[in-house]
Amino acid sequence: MEDLEFRTLARRILGDAASTTAPAGTAAPTPAATDEPAQLDLFGGGETGGEVSEAASGYRTAKDTSTDYQLVATTEALDALIEALQASDTFAFDTETSSLDVMTTQLVGISFSVAAESGFWVPATCADWSEQELLERLQPVFADANKEAIAHHFKFDYKVLAIRGLAFHNKVFDTMVAHYLIQPEASHKLDRLAETELGYATIPITDLIGKAGKAQKSMADLPVESITEYACEDADITFQLRQVFGPRLTEVAADELFQTVEMPLVKILADMELEGVRIDSDELNRYSQELGKQIDGLTAKIHDHAGQEFNIDSPKQLGPILFETLEIKARVKKTKTGQYPTGEEVLEKIKGEHPIVPAVLRYRKLKKLKSTYVDPLPKLVNVQSGRVHTTYQQTVAATGRLSSKDPNLQNIPIRTEEGRAIRKAFIPRDDNHVLLAADYSQVELRIAAALSKDPGLVDAFVQGHDVHTATAAKVFQVEPEAVDRGMRSKAKAVNFGILYGQGAFGLAQNLGIPRREAKEIIDAYFVEFAQLKAFTADCVDRVRETGYAETVLGRRRYLPDIASNNATVRAFAERNAVNAPIQGSAADIIKVAMVRMQAALNEHQLNARMIMQVHDELVFDVPVDEVAQLEGLIEAAMADAVTLAVPLVVDMSTGQNWLEAH
DNA sequence: TGCCCACGC
DNA sequence: GCGTGGGCA
């Protein structure tokens, strides 16, 4: 790769940028018409899979596309690139890193593209600059609020650069999130989209660093020149995808959702992840020891009962012990694999038959707690920050929800005493701070009420009544004062069932009652809440007509299975048709609240930080003297996120740990 | 690697 | 209904 000739560079870029158009034929993979040889041949004469994949897939590749990919490794070349970036009102970029762990990765370089089939690769360091010097040169580009930055999975690149002090003020267009709105359940990987949307097969990363395994190299191990084509291609493809997805977002009526919710949210999530959550590792380690002792005790007890040692974690071994050795009579049939069922539900039923059973149940609970939460959490604490830095995934849940991983902060136990102990280990940054948890009360049921306009349900919320008690009163035809716990819990189960599109079978299973009784309850329910019933039917009808379910902000979920000939498959789609608008609207609402809340924090220049999102709950790390002010801002941001036919109610509480903050 | 189970909303 | 993750086979 030659050093670029910067005098001609700007002219060439500007010329290209001026004539850039969205590529035609975005769907069908069309082999390139050009017989022009690729500019670069990094891999020698046909040693790699380029030709193979081209032949096999029919997609164009770098080899048969005339591209202008340039290495930028001199001050003159960098000057020209920055000039080109400043002359363009939009640019795509992509960071290359040595690993995918943002907190520890090295920055290898950044690629840019301001026009289709062209790109620039800028190594993080070279003879002419250090990493910091490079970022200082690029800072004005990223700080330009009038410029659009395009990236695929922007959150990752943003975090890598933000850690290094770069300030971002560009308008953001994340092609991954855009595609998530266009086709939520499809793959959003860049390589895949290059194929399906551009008919182009990218250079496999394995061509550079080898296949996964011990011998796999890191991006940082390669000579910078050899990365040029690969890195430029990513920025180029990203640039091209933006041209395709812009109009597509309009077609699916998702412009506003994208611009005003999802794009602002990307940066907010990134900042939450970088901020992290402080964990009391000592507390968890103590608890781990305690759990370990209890598990050992239970293991001995269980083996003692069984009269032999065996693997309690293995259903295959546990089954025969329970039902043959100990001859516990189970009124259950074996599973299709010929094994005894040992699920919690089964064991719960035969708890009284033999003392080994409750011991196994408790053993499982504690083992699960220890291996899923107590032991892994301290290992995920970043040594520098002393906090866990989760990753919020914005493009995986089909309904529009976020998900959280490494660690998953959205499934930390709360229901049992032993589980709740884990929440005690989530603590504020220091003695001067508290955790503040703010959660939407019954948000999905309120959405169901608002969307259906069912008078009974709407009334209960408008009057501020306990919705499950109000439901029970109607279903069981008694005064609200006469509703007992059993009635309320049954009503609660039906309310939840509605949200999940669940039928009599599911309800019966949940409540442990005969299916006939479950059906009676549901029938009575739908007599009282006839409009809610009509709403669920409308949801299904609309999906049949349009092909998709839709949330309050117009987020779509396509459900082609609604027309399936397979009754099971079709029924699943029908449940989704009811659930997706409800669950998805709840996701929309809290996302809006997060955007509003971050704006409020910025506007008032508070030191409080939003640090967690758990579907209907936001958690803040707050200086004690900001608590009162913050509560007012949260109430305003969350309760008024959208206007519905029922009020949104927000419950708030503070504490010295996450458990206390509930 | 896929399946089952269990945790959250 | 929507997820993530541990452990077995």
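Letters go in sequence order (proteins before strands), and every chain restarts at 1.
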Touch check for [X], heavy atoms < 4.0 angstrom, all strands: base, sugar-phosphate only, or nothing?
{"X": "A:Leu402", "value": "nothing"}
{"X": "A:Ala398", "value": "sugar-phosphate"}
{"X": "A:Glu344", "value": "sugar-phosphate"}
{"X": "A:Val578", "value": "nothing"}
{"X": "A:Glu444", "value": "nothing"}
{"X": "A:Leu499", "value": "nothing"}
{"X": "A:Phe572", "value": "sugar-phosphate"}
{"X": "A:Lys368", "value": "base"}
{"X": "A:Arg401", "value": "base"}

Boundaries of the chain A footprint along DNA chain C (any atom under 4.0 Å from a heavy atom):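 Listing 5' to 3', DNA chain C meets chain A from C:dG1 to C:dA9.
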
If the threshold is 4.0 Å, N to carboxylate O, is there a salt bridge linking [X] and [Y]?
{"X": "A:Asp375", "Y": "A:Lys370", "answer": "yes"}
{"X": "A:Lys519", "Y": "A:Asp523", "answer": "yes"}
{"X": "A:Arg544", "Y": "A:Glu574", "answer": "yes"}
{"X": "A:Glu550", "Y": "A:Arg542", "answer": "yes"}

Roughly how many Å is it from [atom1] in [X] to [atom2] in [N], rounded to a whole number?
{"X": "A:Arg364", "N": "B:dC5", "atom1": "CZ", "atom2": "P", "value": "8 Å"}
{"X": "A:Tyr392", "N": "B:dC9", "atom1": "OH", "atom2": "P", "value": "13 Å"}
{"X": "A:Asn411", "N": "B:dG8", "atom1": "CG", "atom2": "P", "value": "8 Å"}

Under-3.5 Å donor-acceptor pair between A:Arg415 side chain and B:dC7 base: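 Check fails, no donor-acceptor contact within cut-off.
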
A:Arg401/A:Glu444 under salt bridge (charged side-chain N to carboxylate O under 4.0 Å, His left out): CA gap, chis, key distance, verdict: CA-CA 13 Å; A:Arg401 272 191 180 179; A:Glu444 292 195 358; 3.6 Å; yes

Residue-level proximity of residues 540-569 of chain A to DNA chain B when a heavy atom falls under 4.0 Å: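 Heavy-atom contacts with DNA chain B come from no residue of residues 540-569 of chain A; none.
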
Flag if over 12 foreign heavy atoms under 6.0 Å of NZ, A:Lys492: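 Check fails, neighbour count at 12 or below.
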
A:Gln308, CD: over 12 other non-hydrogen atoms inside 6.0 angstrom: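 Yes.
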
Pairwise 5' ranking along DNA chain C for A:Glu185 and A:Lys405, keeping only the more 5' one: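 The answer here is A:Glu185.
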
Inter- and intrachain pairs under side-chain hydrogen bond (donor to acceptor under 3.5 Å, both in side chains), touching residues 562-572 of chain A, at least two apart: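 Qualifying pairs, neighbours excluded: none.
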
side-chain hydrogen bond (donor to acceptor under 3.5 Å, both in side chains) partner of A:Arg286, chosen from A:Glu283, A:Gln289, A:Glu290: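 When A:Glu283, A:Gln289, A:Glu290 are each tested with A:Arg286, the side-chain hydrogen bond (donor to acceptor under 3.5 Å, both in side chains) holds only for A:Glu283.
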
